[in-house]
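Proteins get letters first, then strands, A, B, ... in listed order; numbering begins at 1 in each. Both backbone and side-chain heavy atoms feed into the values below; hydrogens, waters and symmetry mates do not.
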2 protein chains.
Amino acid sequence: MLYKESHILILNNVSRFINLTELEKQKYISLLTEINIKRKAFLMQAGDITSYEYFITKGCLKVYTLDDDGAPHISMFAVEDYWTGDMASFMTKEPTRYFIKATEDTELLGISRANYELLFQEIPKFERFYRMLYQKSLISYIRRSNHGISLTAEERYIEFKTKYPNIVNRITQKDLAGYIGITPEFMSKIITKVNRR
Amino acid sequence: MLYKESHILILNNVSRFINLTELEKQKYISLLTEINIKRKAFLMQAGDITSYEYFITKGCLKVYTLDDDGAPHISMFAVEDYWTGDMASFMTKEPTRYFIKATEDTELLGISRANYELLFQEIPKFERFYRMLYQKSLISYIRRSNHGISLTAEERYIEFKTKYPNIVNRITQKDLAGYIGITPEFMSKIITKVNRR
DNA sequence: GAAAAAAAATGAACTAGTTTAAGACTTTTA
DNA sequence: TAAAAGTCTTAAACTAGTTCATTTTTTTTC
(Lines give C-alpha, C1' and ligand atoms only; values in the text may rest on other atoms or scores of the structure.)
Protein backbone atom coordinates (compact mmCIF):
# COMPACT_ATOMS: atom_id res chain seq x y z
CA MET A 1 0.00 0.00 0.00
CA LEU A 2 1.10 3.51 -0.80
CA TYR A 3 1.00 6.09 1.96
CA LYS A 4 0.75 9.88 1.87
CA GLU A 5 3.82 11.83 2.91
CA SER A 6 2.25 12.89 6.20
CA HIS A 7 1.40 9.28 7.04
CA ILE A 8 4.92 8.13 6.23
CA LEU A 9 6.24 10.78 8.62
CA ILE A 10 4.07 9.66 11.54
CA LEU A 11 4.70 5.96 10.85
CA ASN A 12 8.44 6.61 10.89
CA ASN A 13 8.04 8.46 14.15
CA VAL A 14 6.17 5.53 15.70
CA SER A 15 8.66 3.01 14.35
CA ARG A 16 11.40 4.52 16.51
CA PHE A 17 9.88 2.55 19.39
CA ILE A 18 7.61 -0.20 18.06
CA ASN A 19 7.23 -2.26 14.88
CA LEU A 20 3.82 -2.40 13.23
CA THR A 21 2.49 -4.91 10.70
CA GLU A 22 0.96 -3.59 7.50
CA LEU A 23 -2.50 -4.16 8.92
CA GLU A 24 -1.70 -2.35 12.15
CA LYS A 25 -0.33 0.61 10.19
CA GLN A 26 -3.58 0.89 8.27
CA LYS A 27 -5.62 0.54 11.43
CA TYR A 28 -3.55 3.25 13.14
CA ILE A 29 -3.90 5.67 10.25
CA SER A 30 -7.65 5.10 10.17
CA LEU A 31 -7.80 6.46 13.72
CA LEU A 32 -6.12 9.76 12.78
CA THR A 33 -7.75 12.97 11.59
CA GLU A 34 -6.13 15.38 9.13
CA ILE A 35 -6.19 19.02 10.23
CA ASN A 36 -4.95 22.10 8.36
CA ILE A 37 -4.73 25.54 9.88
CA LYS A 38 -3.65 28.88 8.49
CA ARG A 39 -0.94 31.11 9.90
CA LYS A 40 -2.22 33.05 12.93
CA ALA A 41 -5.06 30.59 13.51
CA PHE A 42 -5.42 28.92 16.91
CA LEU A 43 -5.28 25.17 17.38
CA MET A 44 -6.54 25.77 20.91
CA GLN A 45 -7.19 28.68 23.27
CA ALA A 46 -7.28 28.97 27.07
CA GLY A 47 -10.66 27.76 28.30
CA ASP A 48 -11.08 25.14 25.58
CA ILE A 49 -11.38 21.49 26.54
CA THR A 50 -9.11 19.83 24.06
CA SER A 51 -10.12 16.48 22.59
CA TYR A 52 -7.06 15.85 20.44
CA GLU A 53 -3.37 15.23 20.66
CA TYR A 54 -1.48 16.42 17.58
CA PHE A 55 1.44 15.42 15.41
CA ILE A 56 2.84 18.09 13.10
CA THR A 57 3.61 17.11 9.52
CA LYS A 58 4.28 20.59 8.17
CA GLY A 59 4.56 24.11 9.59
CA CYS A 60 5.27 25.70 12.95
CA LEU A 61 3.28 26.40 16.11
CA LYS A 62 3.89 28.24 19.35
CA VAL A 63 2.51 26.92 22.63
CA TYR A 64 2.05 29.55 25.32
CA THR A 65 0.17 30.75 28.39
CA LEU A 66 -0.65 34.29 29.49
CA ASP A 67 0.36 35.26 33.01
CA ASP A 68 -1.70 37.43 35.37
CA ASP A 69 -0.32 40.56 33.71
CA GLY A 70 -1.22 39.27 30.26
CA ALA A 71 2.39 38.62 29.29
CA PRO A 72 2.94 35.52 27.11
CA HIS A 73 5.18 32.69 28.30
CA ILE A 74 6.09 30.37 25.46
CA SER A 75 6.67 26.81 26.57
CA MET A 76 7.60 25.36 23.20
CA PHE A 77 7.83 25.85 19.49
CA ALA A 78 6.65 22.79 17.58
CA VAL A 79 7.66 22.01 14.01
CA GLU A 80 7.50 18.96 11.69
CA ASP A 81 7.86 15.59 13.44
CA TYR A 82 6.90 17.03 16.86
CA TRP A 83 3.98 16.00 19.06
CA THR A 84 1.96 18.76 20.69
CA GLY A 85 -1.28 19.52 22.51
CA ASP A 86 -2.24 19.92 26.15
CA MET A 87 -2.01 16.51 27.75
CA ALA A 88 -3.46 17.76 31.04
CA SER A 89 -6.69 18.95 29.41
CA PHE A 90 -6.75 15.95 27.05
CA MET A 91 -6.59 13.53 29.97
CA THR A 92 -8.71 15.29 32.60
CA LYS A 93 -11.21 17.11 30.33
CA GLU A 94 -10.50 20.26 32.30
CA PRO A 95 -10.21 23.55 30.39
CA THR A 96 -6.72 24.23 29.09
CA ARG A 97 -4.64 27.26 30.09
CA TYR A 98 -2.73 27.13 26.82
CA PHE A 99 -2.91 28.90 23.51
CA ILE A 100 -1.49 27.06 20.52
CA LYS A 101 -1.14 29.32 17.52
CA ALA A 102 0.27 28.64 14.06
CA THR A 103 3.16 30.88 13.07
CA GLU A 104 3.05 29.38 9.55
CA ASP A 105 0.36 27.51 7.59
CA THR A 106 0.40 24.16 9.34
CA GLU A 107 -0.67 20.57 8.68
CA LEU A 108 -1.36 18.17 11.51
CA LEU A 109 -2.57 14.68 12.28
CA GLY A 110 -4.81 14.53 15.35
CA ILE A 111 -5.90 11.62 17.47
CA SER A 112 -9.15 12.08 19.39
CA ARG A 113 -9.58 11.03 23.00
CA ALA A 114 -11.96 8.24 21.94
CA ASN A 115 -9.53 6.92 19.32
CA TYR A 116 -6.60 7.19 21.73
CA GLU A 117 -8.38 4.81 24.11
CA LEU A 118 -9.43 2.60 21.22
CA LEU A 119 -5.85 2.45 20.02
CA PHE A 120 -4.69 0.76 23.23
CA GLN A 121 -7.46 -1.82 22.92
CA GLU A 122 -6.86 -2.56 19.26
CA ILE A 123 -3.06 -2.41 19.24
CA PRO A 124 -1.77 -2.86 22.81
CA LYS A 125 1.76 -2.27 21.55
CA PHE A 126 0.88 1.42 21.64
CA GLU A 127 1.00 1.32 25.45
CA ARG A 128 4.69 0.66 24.94
CA PHE A 129 5.02 3.36 22.30
CA TYR A 130 3.50 6.00 24.56
CA ARG A 131 5.36 4.71 27.61
CA MET A 132 8.61 5.27 25.72
CA LEU A 133 7.53 8.56 24.15
CA TYR A 134 6.54 10.00 27.52
CA GLN A 135 9.66 8.65 29.14
CA LYS A 136 11.77 10.39 26.53
CA SER A 137 9.79 13.64 26.83
CA LEU A 138 10.14 13.51 30.59
CA ILE A 139 13.90 13.07 30.33
CA SER A 140 14.34 16.02 27.97
CA TYR A 141 11.90 18.14 29.95
CA ILE A 142 13.73 17.53 33.21
CA ARG A 143 17.07 18.11 31.53
CA ARG A 144 15.92 21.39 30.00
CA SER A 145 14.33 22.84 33.11
CA ASN A 146 17.24 21.84 35.29
CA HIS A 147 19.89 22.93 32.87
CA GLY A 148 18.43 26.36 32.17
CA ILE A 149 18.28 27.35 35.81
CA SER A 150 21.87 28.46 36.31
CA LEU A 151 22.37 30.16 32.94
CA THR A 152 22.01 33.87 32.19
CA ALA A 153 19.55 34.99 29.52
CA GLU A 154 22.42 35.49 27.09
CA GLU A 155 23.66 31.94 27.65
CA ARG A 156 20.15 30.55 27.19
CA TYR A 157 19.85 32.45 23.90
CA ILE A 158 23.15 31.10 22.57
CA GLU A 159 22.15 27.60 23.63
CA PHE A 160 18.79 27.81 21.87
CA LYS A 161 20.40 29.12 18.70
CA THR A 162 22.93 26.30 18.71
CA LYS A 163 20.44 23.57 19.53
CA TYR A 164 17.64 24.66 17.21
CA PRO A 165 19.26 26.58 14.33
CA ASN A 166 16.32 25.62 12.09
CA ILE A 167 13.75 27.09 14.47
CA VAL A 168 15.48 30.43 15.23
CA ASN A 169 14.91 31.68 11.69
CA ARG A 170 11.25 30.74 11.68
CA ILE A 171 10.14 32.74 14.73
CA THR A 172 10.11 36.39 15.79
CA GLN A 173 12.56 37.86 18.24
CA LYS A 174 9.62 38.74 20.46
CA ASP A 175 8.43 35.13 20.63
CA LEU A 176 11.96 33.99 21.33
CA ALA A 177 12.03 36.43 24.27
CA GLY A 178 8.80 34.85 25.52
CA TYR A 179 10.48 31.44 25.38
CA ILE A 180 13.79 32.49 26.94
CA GLY A 181 11.85 34.21 29.72
CA ILE A 182 12.84 37.86 29.25
CA THR A 183 11.34 41.05 27.79
CA PRO A 184 11.57 41.73 24.04
CA GLU A 185 13.66 44.83 24.82
CA PHE A 186 16.26 42.84 26.67
CA MET A 187 16.22 40.17 23.94
CA SER A 188 17.01 42.89 21.42
CA LYS A 189 19.95 44.08 23.51
CA ILE A 190 21.34 40.57 23.83
CA ILE A 191 21.12 39.89 20.11
CA THR A 192 22.83 43.19 19.29
CA LYS A 193 25.57 42.34 21.76
CA VAL A 194 26.08 38.75 20.59
CA ASN A 195 26.14 39.73 16.90
CA ARG A 196 28.74 42.44 17.50
CA ARG A 197 31.23 39.73 18.40
CA MET B 1 -0.58 -13.82 51.67
CA LEU B 2 0.59 -11.22 54.12
CA TYR B 3 2.70 -8.35 52.86
CA LYS B 4 5.20 -6.08 54.59
CA GLU B 5 4.19 -2.49 55.07
CA SER B 6 6.61 -1.27 52.39
CA HIS B 7 5.18 -3.77 49.89
CA ILE B 8 1.63 -2.72 50.68
CA LEU B 9 2.63 0.88 50.00
CA ILE B 10 4.10 0.15 46.57
CA LEU B 11 1.23 -2.18 45.61
CA ASN B 12 -1.25 0.54 46.50
CA ASN B 13 0.73 2.96 44.39
CA VAL B 14 0.64 0.61 41.41
CA SER B 15 -3.06 -0.11 41.88
CA ARG B 16 -3.90 3.53 41.12
CA PHE B 17 -3.45 2.61 37.46
CA ILE B 18 -3.60 -1.18 37.02
CA ASN B 19 -5.08 -4.17 38.81
CA LEU B 20 -2.81 -7.08 39.62
CA THR B 21 -3.74 -10.66 40.49
CA GLU B 22 -2.29 -12.19 43.64
CA LEU B 23 0.27 -14.05 41.55
CA GLU B 24 1.30 -10.90 39.67
CA LYS B 25 1.73 -9.04 42.95
CA GLN B 26 4.08 -11.71 44.22
CA LYS B 27 5.98 -11.78 40.95
CA TYR B 28 6.31 -7.98 41.02
CA ILE B 29 7.60 -7.92 44.57
CA SER B 30 10.13 -10.63 43.77
CA LEU B 31 11.66 -8.22 41.23
CA LEU B 32 12.23 -5.47 43.82
CA THR B 33 15.27 -4.91 46.03
CA GLU B 34 15.09 -3.46 49.54
CA ILE B 35 17.55 -0.64 50.19
CA ASN B 36 18.18 1.29 53.40
CA ILE B 37 20.36 4.35 53.66
CA LYS B 38 21.35 6.54 56.57
CA ARG B 39 20.84 10.27 56.80
CA LYS B 40 23.51 12.14 54.78
CA ALA B 41 24.30 9.06 52.68
CA PHE B 42 24.12 9.29 48.90
CA LEU B 43 21.80 7.13 46.82
CA MET B 44 23.73 8.36 43.78
CA GLN B 45 26.40 10.91 42.91
CA ALA B 46 27.27 12.75 39.69
CA GLY B 47 29.34 10.46 37.49
CA ASP B 48 27.60 7.26 38.64
CA ILE B 49 25.76 5.14 36.10
CA THR B 50 22.58 4.34 37.92
CA SER B 51 21.08 0.88 37.54
CA TYR B 52 17.98 1.37 39.65
CA GLU B 53 14.78 3.33 39.81
CA TYR B 54 13.54 3.88 43.36
CA PHE B 55 10.31 4.03 45.31
CA ILE B 56 10.49 5.58 48.78
CA THR B 57 8.70 3.81 51.60
CA LYS B 58 10.10 5.87 54.47
CA GLY B 59 12.28 8.96 54.86
CA CYS B 60 13.24 11.95 52.74
CA LEU B 61 15.74 12.61 49.95
CA LYS B 62 16.91 15.65 48.04
CA VAL B 63 17.72 15.42 44.33
CA TYR B 64 20.13 18.06 43.07
CA THR B 65 22.81 19.08 40.59
CA LEU B 66 25.81 21.36 41.10
CA ASP B 67 26.19 24.21 38.58
CA ASP B 68 29.52 25.41 37.16
CA ASP B 69 30.09 27.56 40.25
CA GLY B 70 29.43 24.61 42.54
CA ALA B 71 26.07 25.96 43.70
CA PRO B 72 23.41 23.30 44.33
CA HIS B 73 20.12 23.37 42.40
CA ILE B 74 17.55 21.13 44.01
CA SER B 75 15.10 19.68 41.54
CA MET B 76 12.92 17.77 43.99
CA PHE B 77 12.44 16.56 47.52
CA ALA B 78 11.16 13.00 47.61
CA VAL B 79 9.30 11.48 50.56
CA GLU B 80 7.19 8.36 51.20
CA ASP B 81 5.12 7.19 48.22
CA TYR B 82 7.32 9.06 45.69
CA TRP B 83 9.31 7.59 42.81
CA THR B 84 12.82 8.90 42.29
CA GLY B 85 16.09 8.23 40.47
CA ASP B 86 17.67 9.53 37.29
CA MET B 87 15.67 8.17 34.41
CA ALA B 88 18.11 9.57 31.83
CA SER B 89 21.05 7.64 33.25
CA PHE B 90 18.88 4.59 33.98
CA MET B 91 17.75 4.42 30.34
CA THR B 92 20.90 5.45 28.46
CA LYS B 93 23.57 4.10 30.83
CA GLU B 94 25.28 7.48 30.65
CA PRO B 95 26.76 8.94 33.85
CA THR B 96 24.27 10.94 35.88
CA ARG B 97 24.69 14.63 36.73
CA TYR B 98 22.60 14.24 39.86
CA PHE B 99 23.26 13.78 43.52
CA ILE B 100 20.54 12.11 45.55
CA LYS B 101 21.17 12.45 49.28
CA ALA B 102 19.09 11.31 52.24
CA THR B 103 18.05 14.09 54.61
CA GLU B 104 16.65 11.44 56.99
CA ASP B 105 17.27 7.71 57.42
CA THR B 106 15.46 6.34 54.38
CA GLU B 107 13.98 3.04 53.17
CA LEU B 108 13.51 2.35 49.49
CA LEU B 109 12.44 -0.31 47.05
CA GLY B 110 14.58 -0.41 43.93
CA ILE B 111 13.98 -2.01 40.56
CA SER B 112 17.09 -2.84 38.54
CA ARG B 113 17.39 -2.18 34.82
CA ALA B 114 17.31 -5.91 34.11
CA ASN B 115 14.20 -6.47 36.22
CA TYR B 116 12.51 -3.41 34.73
CA GLU B 117 12.81 -5.00 31.26
CA LEU B 118 11.80 -8.38 32.64
CA LEU B 119 8.74 -6.82 34.24
CA PHE B 120 7.35 -5.77 30.85
CA GLN B 121 7.85 -9.29 29.50
CA GLU B 122 6.32 -11.04 32.47
CA ILE B 123 3.48 -8.63 33.20
CA PRO B 124 2.79 -6.53 30.08
CA LYS B 125 0.20 -4.53 32.05
CA PHE B 126 3.18 -2.65 33.47
CA GLU B 127 3.66 -0.92 30.11
CA ARG B 128 0.32 0.67 30.87
CA PHE B 129 1.29 1.45 34.46
CA TYR B 130 4.45 3.24 33.40
CA ARG B 131 2.73 4.91 30.46
CA MET B 132 0.24 6.43 32.90
CA LEU B 133 2.83 7.20 35.59
CA TYR B 134 5.05 9.05 33.10
CA GLN B 135 2.07 10.80 31.60
CA LYS B 136 1.05 12.06 35.02
CA SER B 137 4.63 13.10 35.89
CA LEU B 138 4.91 14.92 32.59
CA ILE B 139 1.68 16.81 33.25
CA SER B 140 2.76 17.94 36.70
CA TYR B 141 6.28 18.73 35.51
CA ILE B 142 5.01 20.90 32.69
CA ARG B 143 2.51 22.56 34.99
CA ARG B 144 5.14 23.30 37.60
CA SER B 145 7.78 24.67 35.27
CA ASN B 146 5.28 26.78 33.40
CA HIS B 147 3.50 28.04 36.46
CA GLY B 148 6.61 29.05 38.35
CA ILE B 149 7.95 31.22 35.59
CA SER B 150 5.92 34.37 36.24
CA LEU B 151 6.02 34.28 40.04
CA THR B 152 8.43 36.15 42.29
CA ALA B 153 10.58 34.18 44.73
CA GLU B 154 8.25 35.17 47.57
CA GLU B 155 5.22 33.84 45.70
CA ARG B 156 7.02 30.59 44.90
CA TYR B 157 7.89 30.18 48.59
CA ILE B 158 4.28 30.71 49.70
CA GLU B 159 3.09 28.28 47.03
CA PHE B 160 5.55 25.59 48.13
CA LYS B 161 4.57 26.02 51.77
CA THR B 162 0.89 25.70 50.91
CA LYS B 163 1.29 22.77 48.55
CA TYR B 164 3.74 20.73 50.62
CA PRO B 165 3.20 21.69 54.29
CA ASN B 166 4.51 18.26 55.34
CA ILE B 167 7.80 18.73 53.47
CA VAL B 168 8.62 22.31 54.59
CA ASN B 169 9.25 21.19 58.17
CA ARG B 170 11.50 18.33 57.14
CA ILE B 171 14.08 20.33 55.18
CA THR B 172 16.51 23.17 55.90
CA GLN B 173 15.90 26.74 54.79
CA LYS B 174 19.08 26.51 52.75
CA ASP B 175 17.84 23.51 50.79
CA LEU B 176 14.52 25.23 50.25
CA ALA B 177 16.43 28.18 48.77
CA GLY B 178 18.18 25.74 46.43
CA TYR B 179 14.79 24.48 45.31
CA ILE B 180 13.10 27.89 44.95
CA GLY B 181 16.12 29.06 42.96
CA ILE B 182 17.50 31.85 45.17
CA THR B 183 20.35 32.38 47.63
CA PRO B 184 19.97 31.30 51.27
CA GLU B 185 20.38 34.96 52.28
CA PHE B 186 17.45 36.06 50.20
CA MET B 187 15.41 33.07 51.41
CA SER B 188 16.05 34.25 54.97
CA LYS B 189 14.79 37.73 54.12
CA ILE B 190 11.64 36.37 52.51
CA ILE B 191 10.82 34.15 55.47
CA THR B 192 11.35 36.98 57.94
CA LYS B 193 9.11 39.21 55.84
CA VAL B 194 6.34 36.64 55.35
CA ASN B 195 6.29 35.67 59.04
CA ARG B 196 6.04 39.31 60.14
CA ARG B 197 2.59 39.46 58.54
C1' DG C 1 2.09 49.87 -3.55
C1' DA C 2 0.34 53.01 0.22
C1' DA C 3 -1.33 52.91 4.76
C1' DA C 4 -1.62 50.55 8.92
C1' DA C 5 0.11 47.42 12.14
C1' DA C 6 3.56 44.98 14.25
C1' DA C 7 8.39 44.18 15.41
C1' DA C 8 12.87 45.84 16.61
C1' DA C 9 16.23 49.20 18.56
C1' DT C 10 17.77 52.45 21.96
C1' DG C 11 18.18 54.73 26.29
C1' DA C 12 17.23 56.28 31.11
C1' DA C 13 15.31 55.23 35.54
C1' DC C 14 14.20 51.44 38.37
C1' DT C 15 13.83 46.74 41.19
C1' DA C 16 14.28 41.85 42.42
C1' DG C 17 17.66 39.22 43.65
C1' DT C 18 23.12 38.54 44.34
C1' DT C 19 27.45 39.05 46.62
C1' DT C 20 30.34 39.62 50.33
C1' DA C 21 31.23 39.86 55.00
C1' DA C 22 30.54 39.28 59.80
C1' DG C 23 28.22 37.84 63.97
C1' DA C 24 24.61 34.81 66.40
C1' DC C 25 22.47 30.56 66.87
C1' DT C 26 21.96 25.31 66.38
C1' DT C 27 23.30 20.86 65.46
C1' DT C 28 26.69 17.32 65.13
C1' DT C 29 30.57 14.84 66.59
C1' DA C 30 34.27 13.18 69.42
C1' DT D 1 29.83 18.45 77.13
C1' DA D 2 33.08 21.19 74.55
C1' DA D 3 34.64 22.15 70.13
C1' DA D 4 33.72 22.19 65.42
C1' DA D 5 30.79 22.63 61.68
C1' DG D 6 26.94 24.08 59.66
C1' DT D 7 22.80 27.18 59.48
C1' DC D 8 20.51 31.59 59.91
C1' DT D 9 20.33 36.71 60.12
C1' DT D 10 21.42 41.33 58.85
C1' DA D 11 23.15 44.94 56.04
C1' DA D 12 25.56 47.52 52.37
C1' DA D 13 27.14 47.62 47.64
C1' DC D 14 26.15 45.70 43.32
C1' DT D 15 24.08 43.65 38.70
C1' DA D 16 20.95 41.25 35.53
C1' DG D 17 16.95 42.15 33.82
C1' DT D 18 12.45 45.30 33.81
C1' DT D 19 9.68 49.26 32.67
C1' DC D 20 8.41 53.02 30.15
C1' DA D 21 8.80 56.07 26.40
C1' DT D 22 10.26 57.16 21.72
C1' DT D 23 12.00 56.29 17.04
C1' DT D 24 13.16 53.30 13.17
C1' DT D 25 12.44 49.26 10.45
C1' DT D 26 9.84 45.43 8.71
C1' DT D 27 5.70 43.03 7.68
C1' DT D 28 0.89 42.78 6.66
C1' DT D 29 -3.22 44.16 4.54
C1' DC D 30 -6.39 46.19 1.40
Side-chain angles (χ1 to χ4, degrees), chain A residues 37-42 60 62 64 66-74 77 99 101-105 148-161 167-197, chain B residues 37-42 60 62 64 66-74 77 99 101-105 148-161 167-197:
Chain A
I37 63 170
K38 286 272 171 209
R39 186 166 127 75
K40 294 198 177 177
F42 286 98
C60 183
K62 57 180 176 186
Y64 64 98
L66 296 179
D67 68 19
D68 300 340
D69 305 330
H73 293 273
I74 296 183
F77 299 103
F99 295 84
K101 191 174 185 177
T103 65
E104 301 172 0
D105 292 354
I149 208 155
S150 65
L151 302 180
T152 62
E154 183 176 326
E155 290 166 328
R156 274 175 278 147
Y157 164 65
I158 291 168
E159 177 138 323
F160 183 84
K161 221 174 105 168
I167 296 186
V168 169
N169 310 311
R170 292 168 76 170
I171 59 176
T172 64
Q173 209 166 295
K174 195 185 165 197
D175 281 344
L176 184 52
Y179 178 85
I180 301 269
I182 56 174
T183 57
E185 292 89 340
F186 195 53
M187 184 81 259
S188 169
K189 276 176 207 172
I190 287 174
I191 290 175
T192 308
K193 188 179 162 203
V194 169
N195 288 343
R196 222 185 6 247
R197 293 212 193 109
Chain B
I37 63 171
K38 284 273 171 210
R39 186 167 127 76
K40 293 197 177 178
F42 286 97
C60 183
K62 58 180 175 187
Y64 63 98
L66 296 179
D67 68 20
D68 300 340
D69 304 329
H73 293 274
I74 296 183
F77 299 103
F99 296 83
K101 192 174 186 177
T103 64
E104 300 172 1
D105 292 355
I149 208 157
S150 65
L151 302 180
T152 62
E154 184 176 324
E155 290 166 328
R156 273 175 277 148
Y157 164 65
I158 290 169
E159 176 137 322
F160 183 84
K161 223 174 105 169
I167 297 186
V168 170
N169 310 311
R170 291 167 78 169
I171 59 177
T172 63
Q173 211 165 293
K174 195 185 165 196
D175 281 342
L176 184 53
Y179 177 85
I180 300 269
I182 55 174
T183 58
E185 292 88 343
F186 195 53
M187 184 82 260
S188 172
K189 274 181 210 170
I190 286 174
I191 289 174
T192 309
K193 188 179 162 202
V194 169
N195 288 344
R196 222 186 4 247
R197 294 210 193 110

Over all atoms of both residues, closest heavy-atom pair of [X] and [Y]:
| X | Y | value |
| --- | --- | --- |
| B:R170 | B:T103 | O-OG1, 4.4 Å |
| A:K38 | A:A102 | O-CB, 3.6 Å |
| A:M187 | A:I180 | SD-CG1, 4.2 Å |

Considering only [options], which nucleotide approaches the side chain of [X] most closely?
| X | options | value |
| --- | --- | --- |
| A:R39 | D:dC20, D:dT28, D:dT9 | D:dT28 |
| B:K174 | D:dT7, C:dT27, D:dT28 | D:dT7 |
| A:R156 | C:dT29, C:dA8, D:dG17 | D:dG17 |

Atom-pair distance ([atom1] on [X]; [atom2] on [N]), nearest Å:
| X | N | atom1 | atom2 | result |
| --- | --- | --- | --- | --- |
| B:R170 | C:dT27 | CZ | C1' | 19 Å |
| B:K40 | C:dT28 | NZ | P | 6 Å |
| A:I190 | C:dA9 | CD1 | P | 12 Å |
| B:K62 | D:dT7 | NZ | C1' | 12 Å |
| B:K189 | C:dA16 | NZ | P | 12 Å |
| B:K193 | C:dG17 | NZ | P | 9 Å |
| B:F186 | C:dT19 | CZ | P | 13 Å |
| B:E155 | C:dG17 | CD | P | 9 Å |

Look at [X] and [N] and indicate whether a side-chain polar atom (N or O) is within less than 4.0 Å of OP1 or OP2.
| X | N | result |
| --- | --- | --- |
| A:T172 | C:dA7 | no |
| A:S188 | C:dA8 | no |
| B:T192 | D:dT10 | yes |

**OP:** For A:I191 and for B:I182, locate the closest nucleotide of DNA chain C by heavy-atom distance; then report the residue assigned to the nucleotide nearer the 5' terminus.
**Re:**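 Upstream on the strand: A:I191.
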Original post:
Does B:T152 or A:Q173 map to a spot on DNA chain C nearer the 5' end, using the closest nucleotide for each?
Top reply: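 Counting from the 5' end, the first nearest nucleotide belongs to A:Q173.
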Subject >> Whether A:F160 and A:Y179 hold their rings parallel, tilted or perpendicular, with breakpoints at 30° and 60° >> reply: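 If you compare the ring of A:F160 with that of A:Y179, the planes turn out tilted.
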Original post:
Is it the case that A:T152 and A:E155 place a side-chain donor and acceptor less than 3.5 Å from each other?
Top reply: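 Checked: A:T152/A:E155 side chains pair up, N/O donor to acceptor below 3.5 Å.
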**OP:** Using heavy atoms to find the nearest nucleotide of DNA chain D for A:D69 and B:P184 separately, return the residue whose nucleotide is more 5′.
**Re:**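 The answer here is B:P184.
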